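Computed over heavy atoms, backbone and side chain alike; hydrogens, waters and symmetry mates excluded. What you see is a predicted model; the values in this text were computed from it and never measured. Numbers restart at 1 for each chain; the letters A, B, ... are given by sequence-line order, proteins then strands.
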There are 2 protein chains.
Amino acid sequence: MDKSAAVGRELSTAVVMFHEAVGQKLGVSAGDQRALTLLRGGPLTAGALAKEIGLTPGAVTGMVDRLEGAGLVRREPDPNDRRRVLVTPTTPGHNAHSNVFTDLSAAMAAMMTRYSPAEQKIISDFVDRTVDVLKEQTAKLTVKK
Amino acid sequence: MDKSAAVGRELSTAVVMFHEAVGQKLGVSAGDQRALTLLRGGPLTAGALAKEIGLTPGAVTGMVDRLEGAGLVRREPDPNDRRRVLVTPTTPGHNAHSNVFTDLSAAMAAMMTRYSPAEQKIISDFVDRTVDVLKEQTAKLTVKK
DNA sequence: CATTTTACTTGAGTATACTAAACTATCGAG
DNA sequence: CTCGATAGTTTAGTATACTCAAGTAAAATG
């Protein structure tokens with residue numbers, strides 16, 4: 001049965017296309033979006049960001065400049081270490097990037113009302129497992145380089 | 001309830017990270033991957049590819065050069081019109097890009113065995129609807145520019 | 001304190017992928 | 001068969017985002 005494979009490809013294509021559209025709309029490159037995604041977990045120092053993304057510190061400075069210029073993040077001093085710069089996403093209310101994803105979330109939530117609580121539980125379980133599989137496969141790719 | 005939102009973001013992040021890992025592993029840029037994705041539907045002429053991706057013909061020539069160099073596509077003459085070049089993905093057996101997605105599909109299929117046929121039906125339905133939502137949101141973004 | 005290390009920025013040089021426009025080959029219409 | 005239109009390539013110029021190395025400021029070490 002190859003149906004699940006086809007469906008999976010369709011889903012991943014749709015997700016990637018959505019991200020591309022978001023990036024184009026906001027004038028933010030794919031790489032910059034990756035940084036935004038990481039920052040959704042909370043503020044990071046410029047150095048931590050560099051390590052996560054695999055760029056040199058100099059490149060990160062430029063990237064944060066761009067994101068700051070687009071109003072998507074702020075630079076804030078680290079109160080505990082004045083050498084550091086904390087890169088923090090701007091508040092959701094003023095952050096177009098978050099807003100786009102909020103729209104998506106709303107549409108998804110509306111769609112989910114079609115399902116009974118029991119069905120929603122199955123779906124949620126499935127999504128969790130899918131995320132695990134994707135992370136696993138991603139790890140396999142990055143390690144085996 | 002914001003659970004579905006968080007779950008959706010996690011899923012989209014996981015998908016995007018996977019694609020990035022694939023690209024890095026194969027030495028193929030995100031844009032080039034988009035072309036590969038389009039070509040999974042079958043061969044396209046260079047011009048059609050240009051229109052789909054929104055690039056100039058010259059840019060597509062370079063892109064196809066790269067993909068051909070990586071062994072992911074072939075240029076073939078169109079028998080009906082010798083001006084045209086059909087860009088065709090190489091056979092799955094020799095196509096590392098497809099293989100990566102095959103691995104993912106296999107893992108997904110294995111994971112799906114956890115669910116009963118009835119549950120699988122619900123999940124499949126959900127994925128279909130999710131794809132629709134994503135396409136809808138993508139369209140909204142690209143139009144409203 | 002003086003010295004070394006760490007965090008980030010700056011600036012010069014470079015690689016990549018794009019556009020625009022000229023060029024070649026082929027097709028289709030009159 | 002000739003002429004304009006179409007498909008793709010080529011070339012020159014450009015924008016972008018990167019690396020590497022030097023520079024500045026602050027913290028940690030001894």
Side-chain angles (χ1 to χ4, degrees), chain A residues 16 19-39 42-70 72-89 97 145, chain B residues 16 19-39 42-70 72-89:
Chain A
V16 170
H19 269 256
E20 266 165 22
V22 171
Q24 199 161 2
K25 161 132 179 142
L26 302 182
V28 170
S29 77
D32 291 0
Q33 264 198 89
R34 186 172 172 195
L36 281 176
T37 299
L38 287 170
L39 290 171
L44 288 175
T45 64
L49 205 49
K51 202 169 287 182
E52 290 282 350
I53 307 183
L55 293 181
T56 58
V60 167
T61 296
M63 194 176 68
V64 173
D65 285 348
R66 288 193 300 275
L67 292 174
E68 203 171 29
L72 297 170
V73 306
R74 274 196 316 271
R75 276 186 170 90
E76 289 185 350
D78 184 330
N80 301 324
D81 184 340
R82 284 184 297 175
R83 291 170 303 180
R84 295 191 189 179
V85 167
L86 286 173
V87 182
T88 68
H97 189 261
K145 174 55 192 178
Chain B
V16 170
H19 268 256
E20 266 164 21
V22 170
Q24 199 160 2
K25 160 129 180 148
L26 301 181
V28 171
S29 77
D32 291 0
Q33 265 197 89
R34 186 172 172 195
L36 281 177
T37 299
L38 287 169
L39 291 170
L44 288 175
T45 65
L49 205 48
K51 202 169 289 180
E52 290 282 350
I53 308 185
L55 292 181
T56 58
V60 168
T61 296
M63 194 175 69
V64 173
D65 285 347
R66 288 193 298 275
L67 291 174
E68 203 172 30
L72 297 170
V73 305
R74 274 195 316 272
R75 274 187 172 90
E76 288 185 351
D78 184 331
N80 301 324
D81 186 340
R82 282 185 298 174
R83 291 170 302 180
R84 294 191 189 179
V85 167
L86 286 173
V87 182
T88 68

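- Interface limits on DNA chain D: the 5'-most and 3'-most nucleotides within less than 4.0 Å of chain A heavy atoms are D:dA17 to D:dA27.
- Looking at heavy atoms from C-beta onward, B:Leu49 lies in side-chain contact with B:Leu39 at the 4.5 angstrom threshold.
- By the side-chain hydrogen bond (donor to acceptor under 3.5 Å, both in side chains) test, A:Ser29 pairs with A:Asp32, sequence neighbours left out.
- Listed by chain and number, the residues in a side chain to side chain contact (heavy atoms under 4.5 Å, CB included) with A:Ala46 are A:Val60 (sequence neighbours excluded).
- The distance from the CD atom of B:Gln33 to the NE2 atom of B:His19 is 6.0 Å, given to the nearest 0.5 Å.
- Contact check for B:Leu38 versus B:Ile53: side-chain heavy atoms found under the 4.5 Å cut-off.
- For the atom pair CG of A:Leu36 and CG of A:Leu72, the computed distance is 5.5 Å after rounding to the nearest 0.5 Å.
- Nucleotide C:dC8 holds its P atom 15 Å from the CG atom of A:Leu67, rounded to whole Å.
- B:Asp65 meets the side-chain hydrogen bond (donor to acceptor under 3.5 Å, both in side chains) test with B:Arg75; sequence neighbours excluded.
- The stretch residues 50-61 of chain B participates, sequence neighbours left out, in no salt bridge (charged side-chain N to carboxylate O under 4.0 Å, His left out) pair at all.
- Remark: A:Thr88 engages A:Pro43, A:Arg74, A:Glu76, A:Leu86 in a side chain to side chain contact (heavy atoms under 4.5 Å, CB included) (not counting sequence neighbours).
- Listed by chain and residue number, nothing satisfies the side-chain hydrogen bond (donor to acceptor under 3.5 Å, both in side chains) test with A:Arg82 (two or more places apart in sequence, or in another chain).
- In terms of heavy atoms, B:Met63 sits closest to B:Leu55 at SD-CD1, 4.4 Å.
- DNA chain D is contacted by B:Gly58, B:Thr61 of residues 58-66 of chain B, taking any non-hydrogen atom closer than 4.0 Å.
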N/O to N/O distances under 3.5 Å, protein versus nucleotides 23-26 of chain C:
none

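- A heavy-atom distance below 4.0 Å to DNA chain C is reached by these residues of residues 43-57 of chain B, ordered by number: B:Leu55, B:Thr56.
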